[in-house]
Amino acid sequence: MSRILISEIRNAEECPGDVLVKGWVRTRRDAKAFSFIELNDGSCVGNLQVVADATIPGYEDSVLPLRTGASVEIEGKVVASQGGGQKWEIQASAVRLVGNAEEDFPLQKKGHSMEFLRSIAHLRPRANLFGAVFRVRSRMAYAVHQFFQEKAFVYVHTPIITASDCEGAGEMFRVTTLDGKELDSGAEDFFGKPTYLTVSGQLEGETFACALSNIYTFGPTFRAENSHTSRHASEFWMIEPEMAFCDLDQDMSLAEEMVKYLVADALENCAEDLGFFNRFVDKGLVERLEFVRERDFARVSYTEAVELLISSGEKFEYPVEYGLNLQSEHERYLTETHFKCPVTVYNYPREIKPFYMRKNDDEKTVAAMDLLVPGIGEIVGGSQREERLDILRANLKEHDLDEKDYQWYVDLRRYGSVPHAGFGLGFERLLMFVTGVGNIRDVIPFPRVPGWAEF
RNA sequence: UCCUCUGUAGCUCAGCGGUAGAGCGGGUGGCUGUUAACCACUAGGUCGUUGGUUCGAAUCCAACCGGAGGAGCCA
């Protein structure tokens, strides 16, 4: 008999009959003449209730010693459950104990703190919440590819080790074989120059967009900032589409369409897991996701956003003033209080944005955009790129960057330059938004944050 | 890097100046178509570390270490 997944049994309309199931014991309850075993194999949140009669072979050796966490194989017949709480249960004909769990198995049948579960990241996928999170993570990764592939975007693998310490982006992790010696010049190092883990595949992505038209990257990204918040990790995954012959407006539309698509996909394909989050993590989750799927996102220019914040009468800790960055509290006010829906803010002052963003005709702003969602803040950041050679060169100079270091990037503007645009979407931030989980460390299998790189 | 909170049994926490407690988990026994099952008994802790105040410190003070939240930066 071949193994059947518990999800298949739980979802069955018709009785599946005789089956073989394999999984891990969540709990056992003994009656006088039989035991109940709650079995989970990770295929869904729900457990399968197994009734093991004391007369079946191996009852003493394989059922009575079972502790929470043990792995078992069970053969039996699926029958309608006599008890409430589940449609089907299994009347076992044979139970084989594959590997018992030692007495100190740390996952109990009770609520644990997220902090404790992080410390046992090798076992936490066996907890309901994390099983659900990582099933959704898998599904969302699939949906990301589906979204772009349906639009004929080309998936590009940009390098993870890079020599461009550029962009004024965050701190980078140095990649070296020198072990502490001669780090600064890098001349003696493996690549003959200093190299780092990538903070973004954007610049490389642009080169491919300027050949294949529409591309996307989806891979790991590394930031060495010493940031301690629930929204930052040192290693995370980012999705970065880049489109040739594309302006900011089309860029924003794609970002909005993508967020809606992913939310809709989760609602459609992860309903049970989302239901679990809705019960135990965030009571308003499903309603909010449905809202996001149905309604248009708001769009305001940075200038309008600043005016709106000033005239709101709201007391902010940090000042709102044209030319200053929007603070977290300002972004949250916009998306959570004022619009009560996702908001795209666009056309930011040049001074607060990087060299590669396209200067607008007003000479004061650049064609940048941030997509803000309630509860998380910025989930997408993007821009139309500066495609005009002379202006890009001037920008490099203004930002005190050496054109030599960006020669290949500048080249794109010399040979068949085109207007192009793209954005970065933080995969984990999307997952936080979709699952309602409040800490980025709990949507990454083995999170890396300052001071923590276990497992 | 800065600000705030926090560190007591395997887990979740109470105790907040006078010789360490509960629930859950573990072990043993009982009961029951049970479902975070229930009942009884039992084992388990140099109260984060170091120093100080005190007759006496888990409790007060200081430093350090760990954890969490927020800010900045960003995704």
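Chain naming here is simple, since letters A, B, ... match the order of the sequence lines and numbering starts at 1 in each.
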Item to complete: Name the nucleic acid region contacted by A/F36, choosing base, sugar-phosphate or nothing; use a 4.0 angstrom heavy-atom cut-off, strictly under.
Response: base
Worksheet entry | Inter-nucleotide C1' distance (B/A20, B/A57), Å rounded | 13 Å
Practice prompt. Please determine if A/D282 and A/R288 form a salt bridge, counting it only when a charged side-chain N lies under 4.0 Å from a carboxylate O.
Written response: yes
Worksheet item: Would you say A/R429 and A/R231 make side-chain contact, with heavy atoms under 4.5 Å?
Response: yes
Worksheet item: From B/U34, B/A36, B/U1, pick the nucleotide closest to the side chain of A/E89?
Response: B/U34
Worksheet item: Taking the side chain of A/Q49 as heavy atoms from C-beta outward, which of B/G33, B/A75, B/U1 is closest to it?
Response: B/G33
Worksheet item: Who is the Watson-Crick or G-U wobble partner of B/G26, with both distances under 3.5 Å?
Response: B/U42
Worksheet item: Counting any heavy atom closer than 4.0 Å, what does A/Q86 reach on the DNA or RNA strands: base, sugar-phosphate only, or nothing?
Response: base
Worksheet item: Any donor-acceptor pair under 3.5 Å joining the side chain of A/H232 to the base of B/C74?
Response: yes
Discussion item. Is the distance from the ring center of A/F316 to that of A/Y333 below 6.0 Å?
Written reply: yes
Worksheet entry | Check: A/E115 side chain, B/G69 base, donor-acceptor under 3.5 Å | no
Fill in: Selected nucleotide, minimal atom distance to A/F34 side chain, candidates B/G33, B/A68, B/C73
B/G33
Worksheet item: Think A/N226 has a side-chain N or O under 4.0 angstrom from the OP1 or OP2 of B/C2?
Response: no
Worksheet item: Does the B/U34 base have a donor-acceptor partner in the side chain of A/Q82 within less than 3.5 Å?
Response: no
Worksheet item: Quantified in whole Å, what is the C1' atom distance between nucleotide B/G25 and nucleotide B/A62?
Response: 38 Å
Worksheet item: What integer distance in Å separates A/L431:CG from B/A75:P?
Response: 17 Å
Worksheet item: Is the phosphate of B/U12, meaning OP1 or OP2, less than 4.0 Å from a side-chain N or O of A/S113?
Response: yes
Practice prompt. Answer yes or no: side-chain N or O of A/R29 and base N or O of B/C38 forming a donor-acceptor pair under 3.5 Å.
Written response: no
Worksheet item: Rounded to the nearest Å, what distance is computed from the CG atom of residue A/L326 to the C1' atom of nucleotide B/A75?
Response: 16 Å
Fill in: A/K340 NZ/CZ over A/F291 ring centroid, <6.0 Å and within 45° of normal
no
Practice prompt. Would you indicate what A/N47 reaches in the nucleic acid, counting non-hydrogen atoms under 4.0 angstrom: base, sugar-phosphate, or nothing?
Written response: nothing
Discussion item. Without decimals, in angstroms, what is the distance between A/D30 CG and B/U28 P?
Written reply: 12 Å
Worksheet item: Does the ring centre of A/F147 sit less than 6.0 Å away from the ring centre of A/Y216?
Response: no
Fill in: Of the listed nucleotides B/G33, B/C74, B/C24, the one nearest the side chain of A/Q108
B/C24
Worksheet item: In whole Å, what is the span from the NE2 atom of A/H112 to the C1' atom of B/G23?
Response: 14 Å
Worksheet item: For RNA chain B, whose closest nucleotide is more 5', that of A/D370 or that of A/R67?
Response: A/R67
Response to the item:
Among the nucleotides B/G26, B/A68, B/U32, whichever has the atom closest to the side chain of A/R118 is B/A68
Worksheet item: If you measure from OG1 on A/T158 to CE on A/M238, what distance do you get to the nearest 0.5 Å?
Response: 8.5 Å
Worksheet entry | Value in whole Å for how far the C1' atom of B/U34 lies from CD of A/E38 | 9 Å
Worksheet item: If you measure from the C1' atom in B/C24 to the same atom in B/C60, how many Å do you get, rounded?
Response: 33 Å
Discussion item. Could you tell me how far apart A/H228 (NE2) and B/U1 (P) are, to the nearest whole angstrom?
Written reply: 8 Å
Worksheet item: B/G67, B/C74, B/U32: which one has an atom nearest the side-chain heavy atoms of A/W452?
Response: B/G67
Discussion item. Counting the atoms with a prime plus P, OP1 and OP2 as sugar-phosphate, which does A/G377 contact under 4.0 Å by heavy atoms, base, sugar-phosphate, or nothing?
Written reply: nothing
Practice prompt. Pick the P atom in B/U28 and in B/G69, then give their distance to the nearest Å.
Written response: 39 Å
Discussion item. Please classify the nucleic acid contact of A/I440 as base, sugar-phosphate, or nothing, using heavy-atom distances under 4.0 Å.
Written reply: base
Fill in: Euclidean distance, atom CD1 of residue A/I37 to atom C1' of B/G33 [Å, nearest integer]
14 Å
Practice prompt. For A/M238 and for A/R332, locate the closest nucleotide of RNA chain B by heavy-atom distance; then report the residue assigned to the nucleotide nearer the 5' terminus.
Written response: A/R332
Worksheet item: Of the nucleotides B/C31, B/C11, B/C74, which one has an atom closest to the side chain of A/K32?
Response: B/C31
Worksheet entry | Which nucleotide in B/G33, B/G67, B/G70 has an atom nearest any side-chain atom of A/V51 | B/G33
Item to complete: In whole angstrom, give me the gap between the C1' atoms of B/G18 and B/C2.
Response: 41 Å
Worksheet item: Which is true for A/S119 with a 4.0 Å heavy-atom rule: it touches a base, it touches only sugar-phosphate, or it touches nothing?
Response: nothing
Practice prompt. Please tell me if the side chains of A/R67 and A/E103 come closer than 4.5 Å, counting only heavy atoms from C-beta onward.
Written response: yes
Item to complete: Mind checking A/G424 for me? I need base, sugar-phosphate or nothing, with any heavy atom below 4.0 Å counting as a touch.
Response: sugar-phosphate
Discussion item. My understanding is that only one of A/V292, A/L274, A/L262 makes a side-chain contact (heavy atoms from CB on, under 4.5 Å) with A/L267; could you say which?
Written reply: A/L274
Worksheet item: Do we count A/F236 as stacking onto B/A75 if the rule is ring centres under 5.5 Å and planes under 30°?
Response: yes
Fill in: Test: A/R96 and A/E73 ion pair at under 4.0 Å
yes
Discussion item. Taking B/G23 as the reference, what is the distance to B/G44 when you measure between their C1' atoms (whole Å, please)?
Written reply: 15 Å
Practice prompt. Sort out the partner of B/U53 for me: Watson-Crick or G-U wobble, both distances under 3.5 Å, none otherwise.
Written response: none
Discussion item. Please tell me if A/S328 has a side-chain N or O lying less than 4.0 Å from either OP1 or OP2 of B/A71.
Written reply: yes
Worksheet item: Using atom C1' of each nucleotide, how far apart are B/G17 and B/A58 to the nearest Å?
Response: 11 Å
Worksheet item: If you look at every strand shown and take non-hydrogen atoms under 4.0 Å, does A/T27 touch a base, only sugar-phosphate, or nothing?
Response: sugar-phosphate
Worksheet item: Which nucleotide, B/U32, B/C74, B/G69, lies nearest any side-chain atom of A/R441?
Response: B/G69
Practice prompt. For A/K109 and A/E38, run salt bridge (Lys or Arg N to Asp or Glu O under 4.0 Å): C-alpha distance rounded to whole Å, both residues' side-chain angles, the deciding distance at 0.1 Å, then the answer.
Written response: CA-CA 11 Å; A/K109 296 174 284 183; A/E38 294 282 338; over 6 Å; no
Fill in: Who pairs with B/G69 - Watson-Crick or G-U, where each distance is under 3.5 Å
B/C3
Discussion item. I'd like to know if A/R231 reaches the base of B/A75 with its side chain such that a donor and an acceptor end up less than 3.5 angstrom apart.
Written reply: no
Worksheet entry | Under-4.0 Å side-chain N/O to phosphate OP1/OP2 contact, A/S227 with B/C74 | no
Discussion item. If I pick the C1' atom on B/U32 and the same atom on B/A40, what distance separates them, to the nearest angstrom?
Written reply: 15 Å
